[in-house]
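Report on one structure; see the data block that follows.
FYI, side chains are in, hydrogens and waters are out, and symmetry mates aren't considered; it's all heavy atoms of this structure. Numbered from 1 within each chain, the chains take letters A, B, ... in sequence-line order.
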Amino acid sequence: GAVVSQHPSWVICKSGTSVKIECRSLDFQATTMFWYRQFPKQSLMLMATSNEGSKATYEQGVEKDKFLINHASLTLSTLTVTSAHPEDSSFYICSAQGQRGWETQYFGPGTRLLVL
Amino acid sequence: DAKTTQPPSMDCAEGRAANLPCNHSTISGNEYVYWYRQIHSQGPQYIIHGLKNNETNEMASLIITEDRKSSTLILPHATLRDTAVYYCTEVQGAQKLVFGQGTRLTINP
């Protein structure tokens with residue numbers, strides 16, 4: 001299957017700082033990328049959908065000014081957690097979908113964020 | 001909210017077939033059934049998908065009932081590495097995936 005990478009795999013930061021997470025589709029071009037968040041012992045919750053070259057669509061309850069998403073190319077999307085707080089500590093996972101719109105979504109390995 | 005329902009947990013002996021059920025009570029005609037699994041602390045892994053017909057690949061088989069209201073994922077010879085949370089979901093095209101709580105499958109030696 002297709003390969004999606006995330007960087008970094010884990011990050012620890014101080015409260016009030018910003019953290020950027022990268023999601024890359026390594027062997028295919030992704031028109032659409034999705035960002036999820038997962039808290040311990042819970043299922044994945046979709047945060048936002050991003051399409052290359054356009055603004056992201058955020059799910060209800062997700063602050064767009066806090067979670068900045070950029071999808072500048074067909075192989076890269078970034079999620080920036082601005083002014084991170086301890087309650088933002090979570091497992092962040094991206095997925096990518098190919099250009100034809102009906103293709104399978106493939107997931108990255110996830111990024112574990114710990115805010116102190 | 002998730003549209004599918006799954007049992008919260010299942011056990012299976014190593015080497016035996018693991019059969020994981022999923023109910024799709026509100027699935028629409030052009031929505032595909034997708035199965036993913038998530039091994040602890042990793043991103044979900046795609047397993048298989050189908051629309052109406054049964055499907056098989058190197059990982060698993062997918063059985064979809066004729067009325068499409070339920071599906072079963074079959075791992076023919078389960079190994080310890082198949083221990084994971086298994087999610088079934090429904091999606092059409094570029095729509096978002098909605099994950100329920102999934103089934104925690106434990107393979108016992």
| Between A:Leu46 and chain B, which part of the residue has a heavy atom less than 4.5 Å away: side chain, backbone, both or neither? | side chain
| A:Ser15 and A:His85 side chains, donor-acceptor separation under 3.5 Å | yes
| Does a donor on one side chain sit under 3.5 Å from an acceptor on the other, for B:His24 and B:Ser70? | no
| message | Under 3.5 Å, is there a donor on one side chain and an acceptor on the other for A:His71 and A:Ser50? | response | yes
| Is there a side-chain hydrogen bond (donor to acceptor under 3.5 Å, both in side chains) between B:Asp67 and B:Thr65 once you walk through the steps? | CA-CA 5 Å; B:Asp67 64 3; B:Thr65 58; 2.7 Å; yes
| chain B contacts, top residue of A:Glu59, A:Gln42, A:Met45 (heavy-atom pairs, under 4.5 Å) | A:Glu59
| request: Look at A:Arg24 together with A:Glu22 and state whether they make a salt bridge at an N to O cut-off of under 4.0 Å. | output: yes
| said: So does B:Ala78 get a backbone contact from the side chain of B:Glu14, meaning a donor-acceptor N/O pair under 3.5 Å? | reply: no
| Would A:Tyr36 and A:Phe107 count as a close aromatic pair, with their ring centres under 6.0 Å? | yes
| task | Would you please go through residues 100-109 of chain B and name the residues with a non-hydrogen atom below 4.5 Å from one of chain A, in numerical order? | result | B:Gly100, B:Gln101
| Given that the side chain runs from C-beta out, which part of A:Gln6 has a heavy atom under 4.5 Å from chain B: side chain, backbone, both or neither? | neither
| message | Side chains of A:Thr104 and B:Tyr34 only: does a donor on one sit below 3.5 Å from an acceptor on the other? | response | yes
| field | Geometric class of the A:Phe67/A:Tyr92 ring pair [parallel <30°, tilted 30-60°, perpendicular >60°] | value | tilted
| task | Under 4.5 Å, heavy atom to heavy atom: which of residues 36-55 of chain B reach chain A? Give them by number, or say none. | result | B:Tyr36, B:Gln38, B:Ser41, B:Gln42, B:Gly43, B:Pro44, B:Tyr46, B:His49
| query | Is there a donor in the side chain of A:Asn51 and an acceptor in the side chain of A:Thr32, or the other way round, less than 3.5 Å apart? | reply | yes
| query | Would B:Asn30 and B:Ser28 satisfy side-chain hydrogen bond (donor to acceptor under 3.5 Å, both in side chains), going step by step from the backbone distance to the final call? | reply | CA-CA 6 Å; B:Asn30 49 7; B:Ser28 64; 3.3 Å; yes
